[in-house]
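Inspection log for the structure reproduced underneath, given as structure tokens.
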There are 2 protein chains.
Amino acid sequence: MPGSVQSIERAAAILRLLARGSGRLGVGEISTSLGLAKGTTHGILKTLQDVGFVEQDKASGKYQLGATLLHLGTSYLDVNELRSRAINWADALASRSGEAVRIGTPLDGKVLVVHHVFRPDDSLQTLDTGTLLPVHATALGKVLLAYDSGVAAELAGATLEQYTRRTLVTPAALRKAVAEVRETGWAGEAEEFAAGQASIAAPIRGYGGYVVGAISIAGSVDRLYPSAGRVDQSLVTFVQNASRAISRDLGAGRW
Amino acid sequence: MPGSVQSIERAAAILRLLARGSGRLGVGEISTSLGLAKGTTHGILKTLQDVGFVEQDKASGKYQLGATLLHLGTSYLDVNELRSRAINWADALASRSGEAVRIGTPLDGKVLVVHHVFRPDDSLQTLDTGTLLPVHATALGKVLLAYDSGVAAELAGATLEQYTRRTLVTPAALRKAVAEVRETGWAGEAEEFAAGQASIAAPIRGYGGYVVGAISIAGSVDRLYPSAGRVDQSLVTFVQNASRAISRDLGAGRW
DNA sequence: AACGCCATTCGACAATGTCGAACGCTGGTC
DNA sequence: GACCAGCGTTCGACATTGTCGAATGGCGTT
């Protein structure tokens, strides 16, 4: 691999470590986690601090992520074509369906939420743009799993965490679900991620016809799966129409 | 400066460049902007691509920010103590005042929005968490300018951009406004950033009594400055109460 | 069909980051 | 109150590693 800058890879590893740990970490913890000398780790951390990517808690001496990253992340959203093209359609889908809408894209074998529209009328929700969702327990994830080979590759070998009683935890069950998605063109999920919640998703295709993301509605299982666990077909149609409209905007129509 | 890792600084400079330019940049543009050899720039870019911090547009060959940054930025919000402590108070302030609420912290001589609560009842607003606001044209910025010496230092020498007819563009006018903030303990702004809009802000103090951020309400100038350009004092009191409550939560009371 | 732009590759040089040991601080403990 | 342990930090020598500039190859344009 030519031109791979070692120190940058290490810096990125530190940032990811800080993001996972969801808290402050000390130089010692980081250096042992990554197998680096304490002095080396300190040098990288100090540099990251200079550029604002990490901050040091004066009291404990430990390090945490820095404010500059928030701005960079937001700037990414501004450039992201999938999101900017999808925003208008997402709003329309939310008001038509009456449910919360999310748009996701694959990232490291998970689903990154790049856009989130609150459920109309209900205002006590927290925005989760930037959150990572599991692939195997969400409708968004199943869609990406069905159409994006990279996601499937990165999931191979990972353990499927059980969130509720209905979460698909065996590879066989997941394979069957994914095959169903490929047949029908949409994915559903009822109480597999959170009790009482359900979601419906469809793929978004970019230029060349490749799947670049997915769009979903999420809400109470009583509304999405009203009659004895059977999905509300009109909601599925809403989601599919939105996904097709966005795909057309992204230039998937020409293929 | 011991242990400053050059390549990481350069990588950060590239990311900031991509964030500013708000679009895709080629290897050539980046290398000339930073005064680096094209080969060097390419190596750093390829590494940043490996770790997901940048993505390459297959069609044009140009580079843009990557999805991983969005997740890192969101992780920063989870750790940020100012934000997590302030969320509940911000919601209360929004419903009491009926206006949109923002919480800001200083970053590179600007104001970084770390939290944003929509105005109640009105749902057609775009979330601007992660956005950078100018210090000289917002109430949030004036507060930080008045109490945070670092912000003032970084602003020195910068030109004050004119957004509206009422924007304070001369250092003298800004100095006078800042002095007023220090006297009264709060900052206001009427149509200095956007026509028809106004805002009111107060400082948030952390452990030790130092100002770590500011909280503001923003909305129509007709509501915030109702009678002939005179501020609505009850709104100022709401903001000040919120700022004091958050400061107390952060441990500023002990000093 | 030929040009020019641009991302990419390559190899040699030395600048640069790495390592491990030693320092000094803070907080807890006997 | 003095010791100890753990932490972040500093330091200097070594060679690994990133840097540079020229050369390459592909793509779109003229």
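All values reported here derive from a predicted model rather than from experimental measurement. Chain A is the first sequence line, chain B the second, and so forth, proteins listed ahead of strands; every chain is numbered from 1.
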Side-chain donor-acceptor contact under 3.5 Å, A:D50 with A:T47: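 Their side chains do not contain a donor-acceptor pair, so the 3.5 Å distance test is not met.
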Is it true that A:R102 and A:D128 make a salt bridge, defined as a side-chain N closer than 4.0 Å to a carboxylate O? yes
Are the charged groups of A:E29 and A:K62 less than 4.0 angstrom apart, N to O? yes
Length of the line joining [X]:[atom1] and [N]:[atom2], which is rounded to integer Å:
X	N	atom1	atom2	value
A:E9	C:dT18	CD	P	11 Å
B:I8	C:dA15	CD1	C1'	16 Å
A:R24	D:dG8	CZ	C1'	16 Å
A:I44	D:dG18	CD1	P	11 Å
B:L45	D:dT19	CG	C1'	15 Å
B:L34	D:dT19	CG	P	12 Å
A:K46	D:dT9	NZ	C1'	10 Å
A:D57	D:dC7	CG	P	16 Å

Scan A:E29 against the nucleic acid and name what it touches under 4.0 Å (heavy atoms): base, sugar-phosphate only, or nothing.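 Since no nucleic acid heavy atom lies under 4.0 Å of A:E29, the category is nothing.
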Hey, which sits more toward the 5' end of DNA chain D by its nearest nucleotide, A:K62 or B:Q6? A:K62
Mapping A:L25 and A:S7 to their closest nucleotides on DNA chain D, which lands nearer the 5' end?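 Its nearest nucleotide lies further toward 5', so the answer is A:L25.
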Would you tabulate the nitrogen or oxygen pairs shorter than 3.5 Å linking the protein to nucleotides 20-25 of chain D?
unit_1: D:dC20; atom_1: OP2; unit_2: B:T40; atom_2: OG1; d: 2.6

Minimum-distance nucleotide to A:V5 side chain [options: C:dG17, D:dT19, C:dA7]: D:dT19
Candidates C:dT18, C:dA7, D:dT9 - which lies nearest the side chain of A:H42: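 From the listed options, D:dT9 comes nearest.
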Roughly how far, to the nearest 0.5 Å, is the CG atom of B:L70 from the OG1 atom of A:T129? 7.5 Å
Distance in Å, B:I44 CD1 paired with B:I14 CD1, rounded so as to fall on 0.5 Å steps: 4.5 Å
D:dT9, OP1 or OP2 - any side-chain N/O from A:Q56 closer than 4.0 Å? yes
Any side-chain N or O of A:Y63 below 4.0 angstrom from OP1/OP2 of D:dC7? no
Do A:R205 and A:Y147 meet the cation-pi criteria used here (NZ or CZ under 6.0 Å from the six-membered ring centre, within 45° of the axis)? yes
Would you say the ring centroid of B:H136 lies under 6.0 angstrom from that of B:Y163?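 Ring centroids of B:H136 and B:Y163 are less than 6.0 Å from each other.
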